[in-house]
Amino acid sequence: MSKSSVTITDNRTGKSVELPVLHGTHGPDAIDIKSLHRELGMFTYDPGYVSTGSCRSAITYIDGDEGILLYRGYPIEQLAQHSSYLEVCYLLLYGELPSTEQMTEFRTIIRHHSMVHEGLRRFYSGFRHDAHPMAIMVGIVGALSAFYHDSLDVTDPEHREISAHRLIAKMPTIAADSYKYSIGQPFMYPDNSLGYVENFLRMMFAVPTEPYEINPVVARALNLILILHADHEQNASASTVRLASSSGASPFASISAGIGSLWGPAHGGANEAVIRMLQSIKSVKEVPKLIERAKDKNDSFRLMGFGHRIYKNYDPRAKIIRAACHDVLKALSTKPEPMFEVALELERIALEDDYFRERKLYPNVDFYSGMIFKAIGIPLNMFTVVFAMARTVGWIAQWMEMMEDPENRIGRPRQLYVGSPQRDYVPLDKRR
Ligand code: CMC
């Protein structure tokens, strides 16, 4: 029990409640309000959960003022420089970096779960050929519950682990299949002689009739993007996964719900929205007009890729990806598109503008990730799908942590009712 506390007094009744203050490893303290309703008969009101912590978590830490992001205590900069996506998956799931033997075993397990049931593959043909791959992902991942019954007892830690491995292993196959279906090409089977990232690239871009060579620059860039997107604590999609699975729902159903939440343009869909915005700007001369629109209170337009609920400083992922973006363009000898010039000008003006400075609106990870995706040949409608693939491990780690938490109960927020007071039913012929 924490030694410090805060006292809340209802000045209408004079009744008080003393609430314990909880201290984490890093970051602000939290007031434990569990007894508030019991003692004072009141709830808290916090739309958008701006001041509400929903759980204890030991997975990811963000300091938005300092621009710090840690996975299991390790700074994102160090992981981005030295680690691989699969090693980060292990770290997020199990809490520690693996030994050589543990890593070899983990890699083998993930490889052996990379195929999906053939029956599941037939599901794709039920979708319209021009469906967005995110819409397909939501359906296919949800449908996994119908194919892998043998691991659906969420109270069994072994079942949870098998589902975790299956999801991490099958996500690249499902993502690539969604793309192949949308362009009318045959699905490629996974090739277990390849690494995780290389396998995904091959399933995305190879065709059965021709050899496919993996470009190491592209594989490295994708590995980096996957690491940077692997987890981000209690954001909208992670909270969706936690809330959905708090009822005991299957991890496949819950992660499908998380994918749906991620798709929104205020969340993971922003990477696609950034490129659409940049493509709509014909030249750098149009940038000031766009900035004015973003500042206009009567215009709903927002600069996509700017701002973050938590980061009130440069998003550390954006810093890493910004540098990588330049390296990738150089290494691929890609002639920068006009869009890149527009992006740099947008960034320059926004960073100097009082509106953006006062509100601490900095470019976020999505501002740059789309430019790398574009440079390495990932099609626009697949940007958020790759984000979902990367974030799957984060969602699963959050789910596993929640399932092991003795404080875990079904999530059930309360509300401030502002509807009609109680009234009596009026038969149809008596209504005016
Ligand atoms: N362009 C112009 N004004 C903005 C923007 C923007 N991109 N973002 C926030 N503002 C303004 C907003 O109008 C408000 O101004 P005022 O105080 O005068 O009313 C102020 O900044 C605070 O905004 P908010 O909407 O209260 O902030 P929030 O924490 O609820 O929203 C956000 C955060 C990320 C949804 C928002 O900044 C946004 O819509 N950004 C654009 C979409 C985007 O890039 N999303 C990706 C986020 S990072 C990846 C991820 O989490 O998935």
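Numbering of ligands and ligand atoms starts at 1, following listing order.
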For Phe123, the side chain to side chain contact (heavy atoms under 4.5 Å, CB included) test, sequence neighbours excluded, returns Ile140, Ala143, Phe147

What class does the angle between the rings of Tyr148 and Phe252 fall in, given that below 30° is parallel, 30 to 60° is tilted and above 60° is perpendicular? tilted

Could you list the donor-acceptor pairs under 3.5 angstrom formed between side-chain atoms of residues 363-372 and any protein atom two or more places apart in sequence or on another chain?
unit_1: Asn364; atom_1: OD1; unit_2: Asp366; atom_2: N; d: 3.0
unit_1: Asn364; atom_1: OD1; unit_2: Phe367; atom_2: N; d: 3.4
unit_1: Asn364; atom_1: ND2; unit_2: Gly305; atom_2: O; d: 3.4
unit_1: Asn364; atom_1: ND2; unit_2: Gly307; atom_2: O; d: 2.9
unit_1: Tyr368; atom_1: OH; unit_2: Tyr314; atom_2: OH; d: 3.2
unit_1: Tyr368; atom_1: OH; unit_2: Arg322; atom_2: NE; d: 3.3
unit_1: Tyr368; atom_1: OH; unit_2: Glu347; atom_2: OE2; d: 2.1
unit_1: Ser369; atom_1: OG; unit_2: Val365; atom_2: O; d: 3.4

Would you please write out the protein residues whose heavy atoms approach any atom of ligand 1 to under 4.0 angstrom, listed by chain and number? Pro265, Ala266, His267, Gly268, Ala270, Ala294, Lys297, Arg302, Leu303, Met304, Gly305, Phe306, Gly307, His308, Arg309, Tyr355, Arg359, Leu361, Asn364, Asp366, Phe387

Salt bridge (Lys or Arg N to Asp or Glu O under 4.0 Å) with Asp32: which residues, sequence neighbours excluded? Lys34

Over 60° means perpendicular and under 30° means parallel, so tell me whether Phe106 and Tyr90 are parallel, tilted or perpendicular. perpendicular

Report yes or no: is the cationic atom of Arg121 (NZ for Lys, CZ for Arg) closer than 6.0 Å to the six-membered ring centre of Tyr124, at no more than 45° off its axis? no

